[in-house]
A.B. asks: 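Pasting in a structure now, in structure tokens, and then I'll have a few things to ask.
Position 1 is the first residue of the sequence, and the numbers go up from there.
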Amino acid sequence: MSEAKLISIFIQSLEFHVEDYLIEEITDMQKEIIDNATLIFKGNILGEIKSFGGSVKKNEEKFNEMMKQATEELKKEKYKEIVKLLKDYLKKLPELIIKSCIAIAPVKELPWNEIIFRTIPRIEIKDKVEIHDYSIAYYGEIKCVLGKTIVFGKIKDNEPLFAPIMGNLDLGGFKIEETYKGAKSQNYPYISAILNSFDSVVTKNQLAKYHEDYQRHGDPICDFLMEDELLLKSMGNVSTSLDSGRSSSDIAILSIALPIPSDKTTLILVNNESENQDKYTKCFEALLKFSAISCQVPSPPSAEDIQETESIRTPGGQELKPWTAEELTEEAQKRLETQPNMPTWTEEELSKFSEGRNSGIPEGMEVWTEDELQDLAEKRRGGGLNIPEWKPDEDMLECLNCGYSLRPGWKKCPICETPIGEGKKEEQPQEDDSHPQESQDDNMENKKESNEKNGS
């Protein structure tokens, strides 16, 4: 097993979740991050900001138990080559918790009822263990439902683009618990799964496919978004894993518009991976423009709109009349009135029909007995089903020269042009091969007598 796979298995076995360590009491460091993140829309904040920060003290016993079990796991022989890396990883977990914070701000005069900010610290294991604490995200739910999931990303040496997700978003198997009733934007694990999907090969391939196979054109929503130059410029200013060097891939996704039909909203999220202080401004500006323009995306016409404004046509161009439930009921009543002699069945007849159907043999189908089937099988094994032997037509003559069948009235053979009744082949005498040795002795005797006469 590869080291990368073994590391992944170990990390998954920890069942470590940052949300288990978030509390409302935040540290000075966490408060400073949140103040910088909310300063740009401070004038639009309506009410109190809900802030949460990571702290090991919230579930200290649970954390210590996890560390104890992890230490015992590392004593196994299979971790011998990577035990130092994994121990360093465990040492970074408290720092990961402390650098995790989230703020939920109710706002006015903006596309969302509330805007959410969070940090996205990550632990990276390569030749050594490092923690990246510069990544942030802003997100919120707009009050409209896009027709499909849209992502925005960058491809190395190409212009950034919007692309549709064809199918379901790869959330790594994550599913929201059925008991959860709140806004999905406030579900911390759900947002974490969405952010992790940005690094998924499956999601990146969706961006590459739209870029290469569809020439970045064809989806109505993406075409509409790509026409807004200010939006493209704002989104292009946001840094990705390509810019930070965190990923070795040539593709990076930084934003998503994810429809939530059950809530009649669309979640808009922008992720910025920059260490510069202006990362808050650039990320929020991109989210604001993306959310605003998404509310203007033209929606496909509903079935009711089509029925009222347009006729329905078949692919061949034939116009079809749409029917309401009342019209269908009325038409059915008319047919009953115009067909008073429609046949009816008694309960006994229906029962008989049902029994016939249950037999599995359609009515009128020929049925064979076991003896008949056996007889047919024997005939097949014999080479056929009593096919009569072929005989030549006795009314037709044969050419005496080539044997071609001749029809009455013909004067000569169409094949060899021999006149009818002529050209009979001369019969060649057959040599009697019954006594070959006697014939050979007679020839030798005749030859000997001839030689004696010539010699005399």
A.B. asks: So how far is it from Ile23 CD1 to Lys58 NZ, rounded to the nearest 0.5 Å?
C.D. replies: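 Going from the CD1 atom of Ile23 to the NZ atom of Lys58 covers 8.0 Å.
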A.B. asks: Among Glu124, Glu275, Arg122, Arg246, whose side chain to side chain donor-acceptor pair (under 3.5 Å) with His132 holds?
C.D. replies: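 By the side chain to side chain donor-acceptor pair (under 3.5 Å) criterion, His132 pairs with just one of Glu124, Glu275, Arg122, Arg246: Glu124.
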A.B. asks: Angle between ring planes, Tyr138 versus Phe284, binned at 30° and 60°: parallel, tilted or perpendicular?
C.D. replies: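 Rings of Tyr138 and Phe284: perpendicular, as their planes differ by over 60°.
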A.B. asks: For the rings on Phe290 and Phe152, is their centre-to-centre separation under 6.0 Å?
C.D. replies: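 No, the ring centres sit 6.0 Å or more apart.
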A.B. asks: Within 45° of the axis and under 6.0 Å from the centre of the six-membered ring of Tyr188, does NZ or CZ of Arg118 qualify?
C.D. replies: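 Geometry flag: set, cation within 6.0 Å and 45°.
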A.B. asks: Taking the side chain as C-beta and beyond, is there a heavy-atom pair between Asn276 and Tyr134 under 4.5 Å?
C.D. replies: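 Sidechains of Tyr134 and Asn276: no contact.
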A.B. asks: Ignoring hydrogens and geometry, is there a side-chain-to-backbone donor-acceptor pair from Ser8 to Ala4 under 3.5 Å?
C.D. replies: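 Such a contact is absent between Ser8 side chain and Ala4 backbone.
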A.B. asks: When you measure from the side chain of Gln30 to the backbone N and O of Ile98, does any donor-acceptor pair fall under 3.5 Å?
C.D. replies: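 At least one qualifying donor-acceptor pair exists.
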A.B. asks: Does any non-hydrogen side-chain atom of Asp243 lie less than 4.5 Å from one of Ser274?
C.D. replies: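 They are not in side-chain contact.
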A.B. asks: Going by an N to O cut-off under 4.0 Å, is there a salt bridge joining Glu95 and Lys99?
C.D. replies: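 A salt bridge is present here (some side-chain N lies under 4.0 Å from a carboxylate O).
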A.B. asks: Kindly say whether Leu254 contributes a backbone atom to a donor-acceptor pair with the side chain of Thr240 at under 3.5 angstrom?
C.D. replies: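 Checking the backbone N and O of Leu254 against the side chain of Thr240, no donor-acceptor pair under 3.5 Å is found.
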A.B. asks: Are Asp20 and Lys62 ion-paired here, with the side-chain N under 4.0 Å from a carboxylate O?
C.D. replies: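 Looking at Lys62 together with Asp20, the answer is yes, because their closest N to O distance falls below 4.0 Å.
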A.B. asks: Between Asp88 and Lys92, is the closest basic N to carboxylate O distance under 4.0 Å?
C.D. replies: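 Judged by the 4.0 Å cut-off on N to carboxylate O distance, Lys92 and Asp88 do not form a salt bridge.
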A.B. asks: Would you check if there is a donor-acceptor pair between the side chains of Asn271 and Ser135 at a distance under 3.5 Å?
C.D. replies: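 Ser135 vs Asn271: donor-acceptor pair found between side chains.
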A.B. asks: First locate atom OH of Tyr89, then atom CD1 of Ile131, and finally report the distance between them rounded to the nearest 0.5 Å.
C.D. replies: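 Nearest 0.5 Å value for the OH-CD1 distance: 9.5 Å.
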A.B. asks: Of the non-hydrogen atoms in Asp127 and Leu85, which two are nearest, and what is the gap between them?
C.D. replies: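 Nearest heavy atoms, Asp127 then Leu85: O-CD2, 3.7 Å.
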A.B. asks: Any side-chain to backbone donor/acceptor pair from Thr119 onto Cys101? Under 3.5 Å, distance only.
C.D. replies: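 Here the side-chain-to-backbone pair exists.
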A.B. asks: Looking at Lys57 and Glu60, is there a salt bridge between them, counting it only when a charged N and a carboxylate O are closer than 4.0 Å?
C.D. replies: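 No.
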A.B. asks: Does the side chain of Leu258 reach to within under 4.5 Å of the side chain of Thr266, using non-hydrogen atoms?
C.D. replies: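 SC-SC contact between Leu258 and Thr266 ruled out.
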A.B. asks: What is the distance from atom CG of Leu225 to atom NZ of Lys289, rounded to the nearest 0.5 Å?
C.D. replies: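 Those atoms lie 13.5 Å apart.
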A.B. asks: Counting distance only, does the side-chain N/O of Lys154 pair as donor-acceptor with the main-chain N or O of Gly236 below 3.5 Å?
C.D. replies: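 Looks like yes, one N/O pair under 3.5 Å.
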A.B. asks: Take a 6.0 Å sphere around CD of Glu19 and say whether it holds more than 12 heavy atoms from other residues, nucleotides or ligands.
C.D. replies: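 Enclosed.
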A.B. asks: Does a salt bridge link Lys175 with Glu177, judged by any charged N lying under 4.0 Å from a carboxylate O?
C.D. replies: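 So Lys175 does not pair with Glu177 through a salt bridge.
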A.B. asks: For a quick test of reading the model, state the closest non-hydrogen atom pair linking Leu242 to Ala252 and the distance between them.
C.D. replies: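 Distance-wise, the nearest heavy atoms are CG-CB, 3.6 Å.
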A.B. asks: Verify, without hydrogens or angle tests, whether Gln206 (side chain) and Met166 (backbone) share a donor-acceptor contact under 3.5 angstrom.
C.D. replies: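 Confirmed, Gln206 side chain pairs with Met166 backbone.
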A.B. asks: At their closest point, which heavy atom of Leu22 faces which heavy atom of Gly54, and how far apart are they?
C.D. replies: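 Heavy atoms of Leu22 and Gly54 come nearest at CD2-N, 3.7 Å.
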A.B. asks: Taking the basic N atoms (NZ, or NE/NH1/NH2) and the acidic carboxylate oxygens, is any pair closer than 4.0 Å for Lys204 and Asp250?
C.D. replies: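 Asp250 and Lys204: not salt-bridged.
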A.B. asks: Look up atom SG in Cys283 and atom CE in Met235, then write down how far apart they are to the nearest 0.5 Å.
C.D. replies: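 If we round to the nearest 0.5 Å, Cys283:SG and Met235:CE are 9.0 Å apart.
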A.B. asks: Return yes if some donor-acceptor pair links the side-chain N/O of Asn272 with the main-chain N/O of Ser239 below 3.5 Å, else return no.
C.D. replies: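 Between the backbone of Ser239 and the side chain of Asn272 there is a qualifying donor-acceptor contact (under 3.5 Å).
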A.B. asks: For residues Gln69 and Glu73, is any side-chain donor paired with an opposing acceptor at under 3.5 Å?
C.D. replies: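 No, Glu73 and Gln69 have no side-chain donor paired with an acceptor closer than 3.5 Å.
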A.B. asks: Would you give the length of the straight line joining atom CZ of Phe63 to atom OH of Tyr21, rounded to the nearest 0.5 angstrom?
C.D. replies: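 Reported value, rounded in 0.5 Å steps: 6.5 Å.
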A.B. asks: Would you give the length of the straight line joining atom CZ of Arg216 to atom OH of Tyr210, rounded to the nearest 0.5 angstrom?
C.D. replies: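 With rounding to 0.5 Å, CZ (Arg216) is 9.5 Å from OH (Tyr210).
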A.B. asks: Ignoring hydrogens, what is the shortest heavy-atom contact between Lys184 and Asp263? Give both atom names and the distance.
C.D. replies: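 Closest approach of Lys184 to Asp263, heavy atoms only: NZ-OD2, 3.9 Å.
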A.B. asks: Under a 4.0 Å threshold between the charged nitrogen and the carboxylate oxygen, would Lys209 count as salt-bridged to Asp213?
C.D. replies: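 Salt bridge: no.
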A.B. asks: Can you find a pair of side-chain heavy atoms, one from Ile142 and one from Thr265, that are under 4.5 Å apart?
C.D. replies: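 No; the side chains remain at least 4.5 Å from each other.
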A.B. asks: Do you know which two heavy atoms are closest between Ile26 and Gly53, and how far apart they sit?
C.D. replies: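 In terms of heavy atoms, the two residues are closest at CG2-N, 3.5 Å.
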A.B. asks: Answer yes or no: is there a side-chain heavy-atom contact under 4.5 Å between Leu195 and Ile120?
C.D. replies: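 The answer is yes, as the side chains (C-beta and beyond) meet within the 4.5 Å cut-off.
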A.B. asks: Quick check against the 3.5 Å criterion: does Thr203 have a side-chain atom that pairs as donor or acceptor with the backbone of Ser197?
C.D. replies: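 Checking the backbone N and O of Ser197 against the side chain of Thr203, a donor-acceptor pair under 3.5 Å is found.
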A.B. asks: Go through Ser241 and Glu273 one step at a time and tell me if the side chain to side chain donor-acceptor pair (under 3.5 Å) criterion holds.
C.D. replies: CA-CA 6 Å; Ser241 57; Glu273 297 196 25; 4.8 Å; no
A.B. asks: Is Glu285 salt-bridged to Lys233, cutoff N-O under 4.0 Å?
C.D. replies: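 Here Glu285 does not pair with Lys233 in a salt bridge, since their nearest N and O are not under 4.0 Å apart.
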A.B. asks: Does some side-chain heavy atom of Ile165 sit less than 4.5 Å from a side-chain heavy atom of Ile150?
C.D. replies: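 Ile150 vs Ile165: side chains apart.
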A.B. asks: Under 3.5 Å, side chain of Asn187 to main-chain N/O of Ser185, donor-acceptor pair present?
C.D. replies: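 A pair under 3.5 Å: no.
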A.B. asks: Within the distance-only criterion (no hydrogens, no angle test), does the side chain of Gln215 pair as donor or acceptor with the backbone N or O of Glu212 below 3.5 angstrom?
C.D. replies: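 Yes; judged by distance alone, with no hydrogens or angles, the pair exists.
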